[in-house]
Amino acid sequence: MSHTTRLSIAGMSCAGCVSAVENSLTDVPGVVEAVVNLGERTATVAGTAAPETLISAVKKAGYDAAELKSLGDESEKENLELVEYRRLWVRAISAGVIGLIMFILGMGGFLPGIIEGQLIWLLMSVVTLLVLIFVGGHFFSGAWSSLKAGRGNMDTLVALGTGTAWLYSTIIILFPDSVPAQALHAYFEAAVIIVALVSLGSALETKARGKTSEAIKRLIGLQPSTARIIRNGKELDVPVQDIGLEETIRIRPGERIPVDGVIIEGSSYVDESMLTGEPMPISKNIKDEVFGGTLNTQGSFLMTASSIGEDTMLAHIIELVRKAQSSKPQIGRLVDKVAAIFVPVVVAISLISFMVWFIVGPEPKIAYAIVSAMTVLVIACPCALGLATPISIMVGVGRAAELGILIRNGEALQSASLLDTIVIDKTGTITEGKPTLTTCIPFNNLDENQVLQIAAALEMNSEHPLAVSIINAAREKNLTLETVNKFQALTGYGIQGQIADQKLLLGSKRFMQENEVDITQAIDQVENLVVNSETPIFLSEGKKLLALMGISDPIRSDSMQAIKRLQTMGLNVIMLTGDNKKTAEAIAQSVGISEVLAEVLPQDKSSKVTALQQQGFTVAMVGDGINDAPALAQANVGIAIGSGTDIAIESADIALMRNSLNGVADAIALSRATMKNIKQNLFGAFIYNTLGIPIAAGVLFPFAGILLSPIIAAAAMSMSSVTVVSNALRLKGIKL
């Protein structure tokens with residue numbers, strides 16, 4: 001059976017590592033998809049392969065791996081990253097101190113010449129070698145693993161650069177006559193300082209990367225560790241993982257709700273802002289649902305657990321956010337292809353630079369050749385290139401989750417940034433989705449109660465949203481409902497059934513006309529209903545009209561403002577509904593929508609979306625995630641609004657946990673900002689390497705006499721990845 005396995009990956013340093021791990025995992029039999037996230041140092045693998053097999057494949061590629069199965073595993077991963085962070089600082093400081101001493105001794109003239117002070121310089125060689133082994137050894141072990149696998153990564157470049165510096169310096173000390181006198185210059189301090197600066201950059205990057213997953217950490221931290229349950233008449237405090245289904249839990253003021261459930265006693269106001277983005281606490285009473293991780297603000301109540309462990313809403317959200325953060329948009333996959341050949345290209349440029357300097361460069365040719373080759377290796381930064389996309393995706397998706405916007409994957413994020421047309425379903429999106437029977441006009445000697453009895457009896461078997469309004473109206477009057485036989489629902493038209501010997505029809509004007517029901521006497525009233533934005537519903541017995549009813553669904557208070565906001569963003573907003581055309585146009589006009597597609601059957605909604613796409617538009621469909629599923633799937637981006645149900649999450653590319661169209665505008669604005677951030681990162685990484693590598697190779701030397709120092713190159717390389725992460729973190733404070 002197919003399943004998803006999540007692994008932590010240790011030892012990755014750049015996009016080349018990502019490619020290597022992904023290829024190793026993809027080659028495992030049974031793996032359908034493997035996505036590696038450099039920013040989070042994780043892999044998400046879908047398929048039937050066992051976790052042990054996947055871990056073995058990662059280790060063969062030269063990296064360490066462990067399965068992440070629980071929150072405890074996640075905490076252990078964070079602890080290991082904290083240990084690594086501290087280790088990187090120790091490496092940076094120890095190598096930095098030694099390198100600084102060497103630099104001061106050399107620049108201050110405290111060291112003898114290489115020939116007359118050969119023993120002292122040999123001691124310097126030994127010290128440098130010890131630093132490379134004990135402080136920078138992971139670069140060489142990583143490079144060796146990479147070489148065995150037939151690829152290159154950042155470790156390869158650092159190992160080649162520092163190794164070349166040490167080897168060249170040691171050779172000229174042992175054999176000073178092998179090079180011209182002016183080339184007798186050792187680079188021990190450069191090798192040591194490069195290790196220090198790269199370690200410092202990695203430490204700063206690790207610290208910054210930790211901030212990118214704060215949204216997930218906050219979500220995980222929402223669930224309390226214990227809960228007060230009632231067993232056998234006694235109240236006990238137990239760990240959350242020990243709560244069983246249907247157990248009774250007491251929630252006191254100020255406590256977080258531990259699991260999903262239903263209130264059975266008491267009432268309160270619950271703050272659901274971390275799940276929905278709604279700032280105001282929501283009133284909760286008996287039979288209302290409550291969700292794990294939300295905060296009880298005032299009253300005390302008893303609830304029964306309906307979902308526990310991985311089945312809670314909070315667990316589903318955490319899993320969805322994690323998958324989205326690990327996913328790759330199309331632009332990310334393109335970068336991966338570039339990164340896969342990046343290191344071999346840099347090594348080739350380094351060799352070419354060496355040969356050019358050695359053949360046509362000024363004396364001392366060998367010294368210039370070594371410095372230029374070493375500087376090219378050190379300044380190139382595949383790490384910045386590899387982090388550019390995933391780090392922005394992590395922050396953007398995390399920020400969206402904090403606003404109650406669940407983005408399924410990076411592809412949806414990229415597609416949302418390209419939208420130009422928004423198609424919005426009316427009921428439950430523009431309107432409240434809580435229809436109310438506001439008008440009832442009987443005909444043929446019936447009274448209002450008789451009409452309600454018949455209509456509610458028919459609607460008891462219907463799943464249509466409008467059915468609830470008629471049933472509720474009958475219940476308010478305590479009317480007795482008869483049994484309906486031969487019930488049939490005709491999607492988009494209405495329903496029919498039989499009570500005693502009466503064949504009854506309930507539905508739209510089109511439904512009446514197709515069954516040759518004479519509705520002439522109700523025409524004037526229909527116009528009045530439409531003007532008041534009420535949906536007309538007809539009730540007939542055979543071909544005889546029994547009643548006309550008007551159902552009103554109030555427009556959301558913020559729909560007009562949200563639609564104006566979407567239009568200000570340059571988006572064409574279209575309303576799509578199965579409702580009466582004139583009613584739909586009246587509602588559209590009141591919220592500022594000029595284009596309306598009305599009287600569209602549910603099965604035809606997707607074809608309307610297709611028609612827009614064929615005209616060249618990039619379309620988002622906004623619906624409830626259930627009735628609009630085909631249209632949501634057909635659209636470039638499907639957005640399910642305001643349900644937060646599993647069905648909504650599964651049917652849409654983006655699911656909004658709050659009942660507001662402002663969430664659609666927020667999602668699109670955040671997508672645009674994230675893609676802009678990714679492009680900024682990629683531009684910076686490419687420009688850095690495009691300019692830095694030629695300068696390191698010495699392209700400015702013939703014109704300005706400038707040849708970059710390997711130490712400056714190492715500092716620039718270390719800061720480039722930190723810059724990328726820092727730029728991505730700006731998304732955390734974005735104003736929407």
Side-chain angles (χ1 to χ4, degrees), residues 425-428 433-523 525-526 529 534-553 577-581 583 598-606 624 626-630 647:
D425 181 52
K426 176 179 73 69
T427 304
K434 299 176 181 177
T436 304
L437 181 65
T438 49
T439 303
C440 182
I441 305 172
F443 298 103
N444 290 299
N445 300 318
L446 293 181
D447 60 32
E448 187 173 320
N449 285 352
Q450 289 173 311
V451 169
L452 282 177
Q453 278 184 304
I454 297 170
L458 287 168
E459 294 284 28
M460 285 296 291
N461 296 298
S462 173
E463 296 180 354
H464 196 282
L466 299 184
V468 177
S469 62
I470 296 174
I471 294 169
N472 287 342
R475 283 175 175 168
E476 286 175 4
K477 295 189 175 187
N478 295 316
L479 299 177
T480 302
L481 305 183
E482 297 186 47
T483 303
V484 175
N485 298 311
K486 298 182 180 180
F487 174 84
Q488 185 179 5
L490 303 170
T491 304
Y493 291 93
I495 56 177
Q496 64 184 33
Q498 190 169 308
I499 298 178
D501 294 328
Q502 295 177 298
K503 181 182 178 183
L504 301 161
L505 305 175
L506 181 68
S508 65
K509 179 181 178 181
R510 184 194 302 178
F511 191 35
M512 297 296 114
Q513 291 172 336
E514 290 193 1
N515 284 276
E516 300 179 349
V517 177
D518 184 6
I519 59 171
T520 306
Q521 58 187 316
I523 292 299
Q525 291 93 331
V526 169
L529 295 180
E534 295 180 52
T535 300
I537 303 292
F538 299 87
L539 174 66
S540 74
E541 178 191 353
K543 298 182 180 181
K544 181 174 64 177
L545 184 66
L546 298 182
L548 169 66
M549 289 171 283
I551 296 176
S552 176
D553 187 4
T577 179
D579 206 348
N580 174 279
K581 183 177 181 181
T583 302
E599 299 180 3
V600 180
L601 299 176
Q603 61 267 30
D604 295 333
K605 287 184 177 181
S606 62
D624 63 10
I626 301 172
N627 297 330
D628 302 310
I647 295 175

Backbone of Val468 reached by a side-chain donor or acceptor of Asn472 within 3.5 Å: yes
For Gln453, side-chain hydrogen bond (donor to acceptor under 3.5 Å, both in side chains) partners two or more places apart: none
Audit row: Thr583, Leu529, side-chain contact (heavy atoms from CB on, under 4.5 Å) steps and yes/no: CA-CA 8 Å; Thr583 302; Leu529 295 180; over 6 Å; no
Min side-chain heavy-atom separation Val526-Lys509 under 4.5 Å: no
Pairing residues for Asp518 by the side-chain hydrogen bond (donor to acceptor under 3.5 Å, both in side chains) criterion, not counting sequence neighbours: Thr520
Pairs where residues 540-550 contributes a residue and the test side-chain hydrogen bond (donor to acceptor under 3.5 Å, both in side chains) is met, not counting sequence neighbours: Gln502-Glu541, Glu516-Lys543
side-chain hydrogen bond (donor to acceptor under 3.5 Å, both in side chains) against Thr535, all qualifying residues, sequence neighbours excluded: Asp579
All pairs passing side-chain hydrogen bond (donor to acceptor under 3.5 Å, both in side chains) where residues 476-485 contributes a residue, at least two apart: Glu448-Lys477, Asn449-Lys477
Donor-acceptor pairs under 3.5 Å, side chain of residues 436-443 to any protein atom, not counting sequence neighbours: which ones?
residue	atom	partner	partner atom	Å
Thr438	OG1	Glu534	OE1	2.6
Thr438	OG1	Gly550	O	3.1
Thr439	OG1	Glu534	OE1	2.8

Heavy-atom pair with the smallest gap, counting every atom of Phe538 and Ile519: CD2-CG2, 3.9 Å
Exercise: identify the closest heavy-atom pair between Leu505 and Gly542: CD1-O, 4.0 Å
Close side-chain approach of Ile470 to Leu458, heavy-atom, < 4.5 Å: no
